[in-house]
K.L.:
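Pasting a structure here, questions to come.
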Amino acid sequence: MKKIVFFILATGLFAGSGLFAQSDDELFGGDDDFFFEDDGIEDVADVSAKSDLSKGLLFENGSIKIGGNFNMGLSTLTTLYADDDEDFGQHFKDTLLTPSASAYLTVDARPSQTLRMYSKFGIAYPYQLQALSYASENSYTNPYTGEEVAYTTVNTSVSDWLSLKELFTDFSIADRAFFRFGLHTVTWGTGYFFSPVSDIINTSSINPEDLDAQVNGSLNLRTQITFPDSQNCLWLYVIPSTDFVNNTTFDSYARDTALAGKFDLVLGGWEFGLGGFWKYQDAPKAMLTASGSLKSFSLFGEFVYSYGAASEWASNTDWDDKTSIIQATAGFSRYWKDQNILLAAQYYYDGNNVDNYIDGVIQLNGMSIPYSIPRLTYGHNIATIVNFGRVFGRSDITAALFGMVNFGKEDLPSNLQTYLSAAGISSSFINTMTLSALLYYSPINELKFGLGPYVTFEDFESAPNVALKLSATLGGGKF
């Protein structure tokens, strides 16, 4: 076992380099700082005087640093009321128990001042979800489209419990041009709950109910050019195609390679961004970002204009007869230091009603099942959170309030909601409205228990589903 662990760590070394995030850079970790300290990684000089018990196990070898975080716990969701024919006894029997045992390990190697190699990979126990009743032996009926969709059975493999989150290298020229190549998350946006600007390049979106979860990035070459005597900089991206099966020639590979750029301008206490995205025979995009403060409030906003939708360009590559699509968001946050209270809220308008369906594949109970669902954020969206760092004047008791509502999204069939929820898609995206209020108690640092109501509205015409949510964090943390 020791040899296996050593092999994994050695491979990572030579292969590449709270509850609420205050900014996208803190949420994603590292697009605005060439040597940003990623989660779990601290400067060796800062931790050398600390005991192993206080910091956990830290491997040191010159400029090589290893860190990470562990997530260990359990959560349950018991339905107290639902507009159906089942009584509380049946709802209690159907209580969902969700275990959590996962970890992210980071390896940060910096052999010189101008070279960094970084890797981040995750390990998770391969829990098997309960098969859904409408999944037959070889196919299932899509509850939204009514079509019979075939699925394939997949065997458990290393990809079920091991995932690569980031793998890149940083290098620079003359302290003016800084380069990063590899798999990494792009932090263009400023939003907390939604970020249409970051979604231009990244392959997943922010989970409003899990703001600490890192968004999946893409393979790209990033160039940062700084301007002397200023905080302004230019970001350039080359996003190569990863479809090596269909792109067998240089021409086909080049056509599927995207280009993007963004200029950051700092004026006073505000930062503005202007950028764009271009890909051959695909929807070109232009974007704007802004972030700053007004008295005690931190303000932020994003704007994205797309000429045409992905489905339009897929069916017709001509530049005529394309729909103009706008996505825009704005929000604020406020922190009261004395009371240890954080408030944040964000509005998001998703004007893409052309791409009516989102296609994908979900791994469920040993099956690889394709799905087709309507856009879950179309229309107007509002999300808010209030975190209380102390309740009743006690730091061991905390609380969190969360709410998200959507106006304009098509209603989803209830059995499709069950399917998506079981597949791990955030319920705040699935339901028209999601509300929760959780009270936490932490008797010791390694234990944390949560309790509170969890209310969801499938649509505005039906009665809500009221559930009791319990959670327990059992050890874990960062090192």
Side-chain angles (χ1 to χ4, degrees), residues 75 77-86 91 94 96 98 132 134 141-146 191-196 199 204-211 213 302 309 325-331 343-360 362 371-386 400-438 452-469:
S75 64
L77 197 64
T78 302
T79 300
L80 302 178
Y81 170 80
D83 189 13
D84 54 27
D85 298 330
E86 297 181 354
H91 288 154
D94 295 336
L96 297 177
T98 305
L132 301 179
Y134 49 79
T141 302
N142 187 314
Y144 190 82
T145 63
Y192 288 151
F193 304 96
F194 317 97
S195 183
D199 291 345
S204 69
S205 301
I206 300 173
N207 182 352
E209 294 189 83
D210 188 4
L211 298 173
E302 300 179 20
I325 297 174
I326 292 177
Q327 297 168 300
T329 184
L343 166 67
Q346 185 175 354
Y347 163 79
Y348 173 43
Y349 171 71
D350 183 359
N352 188 357
N353 64 341
V354 180
D355 291 330
N356 294 324
Y357 294 95
I358 302 174
D359 299 321
I362 292 176
Y371 67 86
S372 180
I373 59 175
R375 293 185 62 86
L376 300 179
T377 57
Y378 171 66
H380 304 275
N381 304 267
I382 299 175
T384 184
I385 191 172
V386 185
L401 307 178
F402 170 80
M404 179 173 166
V405 61
N406 172 274
F407 303 93
K409 177 183 64 205
E410 293 185 55
D411 297 334
L412 303 179
S414 58
N415 53 348
L416 178 59
Q417 289 196 347
T418 303
Y419 168 62
L420 296 176
S421 178
I425 297 178
S426 174
S427 61
S428 55
F429 282 126
I430 299 171
N431 295 288
T432 299
M433 182 183 297
T434 300
L435 304 172
S436 67
L438 297 177
Y454 191 87
V455 182
T456 58
F457 293 79
E458 295 183 0
D459 53 62
F460 291 115
E461 299 178 356
S462 303
N465 294 331
V466 182
L468 179 67
K469 186 173 184 178

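Only a predicted model underlies this, so the values are computations on that prediction, with no experimental measurement involved.
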K.L.:
Can N406 and T432 be said to form a side-chain hydrogen bond (donor to acceptor under 3.5 Å, both in side chains), step by step?
P.N.:
CA-CA 5 Å; N406 172 274; T432 299; 5.8 Å; no

K.L.:
Apply side-chain contact (heavy atoms from CB on, under 4.5 Å) to the pair F194 and N381, showing each step before the final yes or no.
P.N.:
CA-CA 9 Å; F194 317 97; N381 304 267; 4.0 Å; yes

K.L.:
Do the rings of F460 and F407 sit parallel, tilted or perpendicular, given the 30° and 60° boundaries?
P.N.:
parallel

K.L.:
Checking S75 now: which residues fulfil side-chain contact (heavy atoms from CB on, under 4.5 Å) with it, not counting sequence neighbours?
P.N.:
T98, S471

K.L.:
Going by the rule side-chain hydrogen bond (donor to acceptor under 3.5 Å, both in side chains), which residues pair with T78 if we only count those two or more places apart in sequence or in a different chain?
P.N.:
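Partners of T78 under the side-chain hydrogen bond (donor to acceptor under 3.5 Å, both in side chains) test: T95.
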
K.L.:
Go through it in stages, so that I can follow the logic: the residues are N353 and Y378, the test is side-chain contact (heavy atoms from CB on, under 4.5 Å), and I'd like the CA-CA distance, side-chain angles, deciding distance and then a yes or no.
P.N.:
CA-CA 7 Å; N353 64 341; Y378 171 66; 3.1 Å; yes

K.L.:
If we check side chain to side chain contact (heavy atoms under 4.5 Å, CB included) with M433, which of these qualifies: V405, V455, T456?
P.N.:
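Exactly one pass, corresponding to V405.
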
K.L.:
Test of understanding: with side-chain contact (heavy atoms from CB on, under 4.5 Å), list the residues that count as partners of L343, not counting sequence neighbours.
P.N.:
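Partners of L343 under the side-chain contact (heavy atoms from CB on, under 4.5 Å) test: F332, W336, T384, V386.
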
K.L.:
Residues in side-chain contact (heavy atoms from CB on, under 4.5 Å) with F402, at least two apart?
P.N.:
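With sequence neighbours excluded, F402 shows a side-chain contact (heavy atoms from CB on, under 4.5 Å) to F193, P208, E209, M404, S428, T434, S436, given in chain and number order.
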
K.L.:
Only counting residues at least two apart or in another chain, list the ones meeting side-chain contact (heavy atoms from CB on, under 4.5 Å) with A437.
P.N.:
L401, P453

K.L.:
Test N465 against Y81 for side-chain contact (heavy atoms from CB on, under 4.5 Å), laying out the working first.
P.N.:
CA-CA 6 Å; N465 294 331; Y81 170 80; 5.8 Å; no

K.L.:
Residues in side-chain hydrogen bond (donor to acceptor under 3.5 Å, both in side chains) with S462, at least two apart?
P.N.:
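Per chain and number, S462 pairs via side-chain hydrogen bond (donor to acceptor under 3.5 Å, both in side chains) with D459.
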
K.L.:
Please test Q327 against Y348 for side-chain hydrogen bond (donor to acceptor under 3.5 Å, both in side chains), starting from the C-alpha separation and ending with a verdict.
P.N.:
CA-CA 8 Å; Q327 297 168 300; Y348 173 43; 3.2 Å; yes

